[in-house]
Amino acid sequence: MTVAEIANKLGLTLKCGEDGADREVTGGYVGDLLSLVMGKAQSGNAWVTIQTNINIMAVASLTDVAMIILAEGLSPDPNTAKRSDMEGIPVYSSEKTAFDIVCELKDLV
Amino acid sequence: MSEPLMVLHYDVDGTDFTVAGEASGAVKKVLKQLGVGAEVIRKVAIAMYECEINMVIHAHGGTIDVEIRPESVRMIHKDVGPGIPDVEKAMQAGFSTASQQVRELGFGAGMGLPNMKKYTDEMKITTELGKGTIVDMTVYMK
Ligand SMILES: Nc1ncnc2c1ncn2[C@@H]1O[C@H](COP(=O)(O)OP(=O)(O)OP(=O)(O)O)[C@@H](O)[C@H]1O
Ligand SMILES: [Mg+2]
C-alpha cells in the first residue's frame with residue numbers, strides 16, 4: 001500500500017513532503033528516541049512519533065523511511081516541514097494516540 | 001590497503017543542531033552515486049550520523065574525514081571537546097550524560113555508541129580528557 005493510500009485509510013492530515021506520497025510502505029516503527037529509531041527503523045517503514053523537531057528528518061532520510069506520522073495532533077516545526085519538502089519525505093499528523101494509529105496500521109502494511 | 005578512490009572532508013558546527021546530519025547525508029548521496037550496496041550505505045549513514053550528532057551535543061563540533069576505497073569506507077571523527085572519562089561505560093547501551101534540553105529533542109537514549117559498534121566492522125576511540133576525542137570507524141564493502 002502506498003503512503004497516500006495509508007493516509008487516506010487512516011484519515012491522516014498531510015503536513016508537508018507530498019512528493020513522496022506515491023511510495024510503497026513496508027512495515028513500521030514507533031519511537032521517540034532518535035538513536036533507537038536510527039538503529040531499528042527500516043527502509044520503507046511508516047514511522048510513528050511525537051517528535052517534531054528537524055532532527056527527525058535527518059533520521060528519516062538516513063534510515064530511508066517512507067513516511068512520518070505525528071501522533072496526538074502534533075505538527076512539524078517550520079524547519080522540519082521545509083526539510084521534508086526538500087527531501088520528499090511526507091509528514092502526516094493524526095489526532096489519535098500512537099497506539100491507536102499502530103492498531104489501524106497493523107492490517108495495512 | 002589500497003589508495004582511496006575518494007576523500008571527503010566536513011566541518012561539523014557544534015552550535016547548530018539543525019544542520020547535524022548534513023555530512024552523513026552528503027556521504028550517503030556520494031556512495032549511492034558510486035553504486036555502493038544499500039546495506040553498506042545504511043551502515044555508514046547510521047554510524048556517521050550518530051557520531052556526527054555526538055560531536056554536536058557532547059563536544060562542540062569538529063571535523064570528519066571520509067576515505068572511500070574499493071574494499072571499505074573509513075570515517076574519522078575528530079573533536080576538541082571534553083573527552084570521554086570512561087569509554088567502556090560510555091559504550092554501554094543506555095548510558096548517557098545528555099542534558100535535559102537535548103533529551104527533549106529525542107537524544108539521550110544512550111544508543112549512539114552501541115549503534116556505531118553494531119553497524120561498523122572496525123571502531124576505535126582515542127580520547128583524552130580536556131583535549132578531545134577521535135572516533136575512527138570502518139565499514140567493509142562486502
Ligand atoms: N564526542 C564525544 N565527546 C565527549 N563525550 C562523548 C562523545 N561521544 C559520546 N560521549 C559520551 O558518551 C555517552 C554515550 O554516547 P551515546 O552516543 O551512546 O549516547 P547519547 O549521545 O548520550 O544518546 P543517544 O546517542 O542515544 O542520543 C554520552 O552521553 C557522552 O557522555
Ligand atoms: Mg549519541
Side-chain angles (χ1 to χ4, degrees), chain A residues 16-17 19-20 23-27 29-45 47-66 68-72 74-89 91 93 98, chain B residues 12-13 16-32 37-58 75 90-96 98 101-120:
Chain A
C16 45
D19 284 358
R23 205 172 153 195
E24 198 66 24
V25 177
T26 49
Y29 189 77
V30 192
D32 310 313
L33 293 172
L34 299 181
S35 61
L36 281 185
V37 181
M38 201 63 178
K40 292 271 180 71
Q42 299 294 320
S43 176
N45 277 180
W47 172 23
V48 184
T49 185
I50 53 166
Q51 292 291 349
T52 58
N53 70 78
I54 177 93
N55 296 287
I56 64 173
M57 294 317 305
V59 172
S61 164
L62 293 171
T63 55
D64 195 33
V65 303
I68 297 173
I69 305 174
L70 301 178
E72 313 279 359
L74 292 164
S75 283
D77 297 355
N79 55 1
T80 305
K82 211 188 276 171
R83 184 78 188 274
S84 153
D85 285 333
M86 244 167 60
E87 304 239 7
I89 303 173
V91 179
S93 179
Chain B
V12 179
D13 183 346
D16 192 354
F17 290 108
T18 61
V19 296
E22 263 181 14
S24 25
V27 168
K28 182 180 172 175
K29 244 177 235 150
V30 169
L31 292 176
K32 234 182 200 162
E39 199 43 45
V40 170
I41 294 180
R42 176 179 167 79
K43 288 176 167 179
V44 169
I46 291 173
M48 218 179 136
Y49 177 76
E50 293 288 8
C51 207
E52 193 181 344
I53 199 78
N54 274 1
M55 287 166 66
V56 179
I57 63 182
H58 305 299
M75 304 152 264
M91 290 295 299
Q92 285 171 7
F95 178 84
S96 175
Q101 183 205 353
V102 305
R103 283 176 195 269
E104 276 164 21
L105 296 173
F107 300 110
M111 287 306 295
L113 288 169
N115 275 349
M116 293 177 225
K117 181 86 195 156
K118 180 176 168 194
Y119 287 104
T120 57

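Note: hydrogens, waters and symmetry copies are ignored here, and every other heavy atom, side chains too, is used. Letters go in sequence order (proteins before strands), and every chain restarts at 1.
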Legend entry - Residues in side chain to side chain contact (heavy atoms under 4.5 Å, CB included) contact with Val30(A), at least two apart in sequence or another chain: Val48(A), Ala98(A), Val102(A)
Quick one: donor-acceptor pairs under 3.5 angstrom, chain A versus chain B?
{"residue": "Leu34(A)", "atom": "N", "partner": "Gly106(B)", "partner atom": "O", "Å": "2.8"}
{"residue": "Ser35(A)", "atom": "O", "partner": "Asn115(B)", "partner atom": "ND2", "Å": "2.7"}
{"residue": "Gly39(A)", "atom": "O", "partner": "Tyr119(B)", "partner atom": "OH", "Å": "2.6"}
{"residue": "Ala41(A)", "atom": "O", "partner": "Arg42(B)", "partner atom": "NH1", "Å": "3.1"}
{"residue": "Ala41(A)", "atom": "O", "partner": "Arg42(B)", "partner atom": "NH2", "Å": "3.0"}
{"residue": "Asn53(A)", "atom": "ND2", "partner": "Leu105(B)", "partner atom": "O", "Å": "3.0"}
{"residue": "Ser61(A)", "atom": "O", "partner": "Lys28(B)", "partner atom": "NZ", "Å": "2.6"}

Legend entry - Region of Leu33(A) that comes under 4.5 Å of a non-hydrogen atom in chain B: both
Inset, instruction - Examine whether an atom of Ile53(B) lies under 4.5 Å from a heavy atom of chain A, and if so say whether it belongs to the side chain, the backbone or both; otherwise answer neither. - result: side chain
Inset, instruction - Using a cut-off of under 4.5 Å on heavy-atom pairs, state which of Gly106(B), Gly21(B), Gly25(B), Ala93(B) scores highest against chain A. - result: Gly106(B)
Legend entry - Results of side chain to side chain contact (heavy atoms under 4.5 Å, CB included) for Ala38(B) - residues two or more places apart only: none
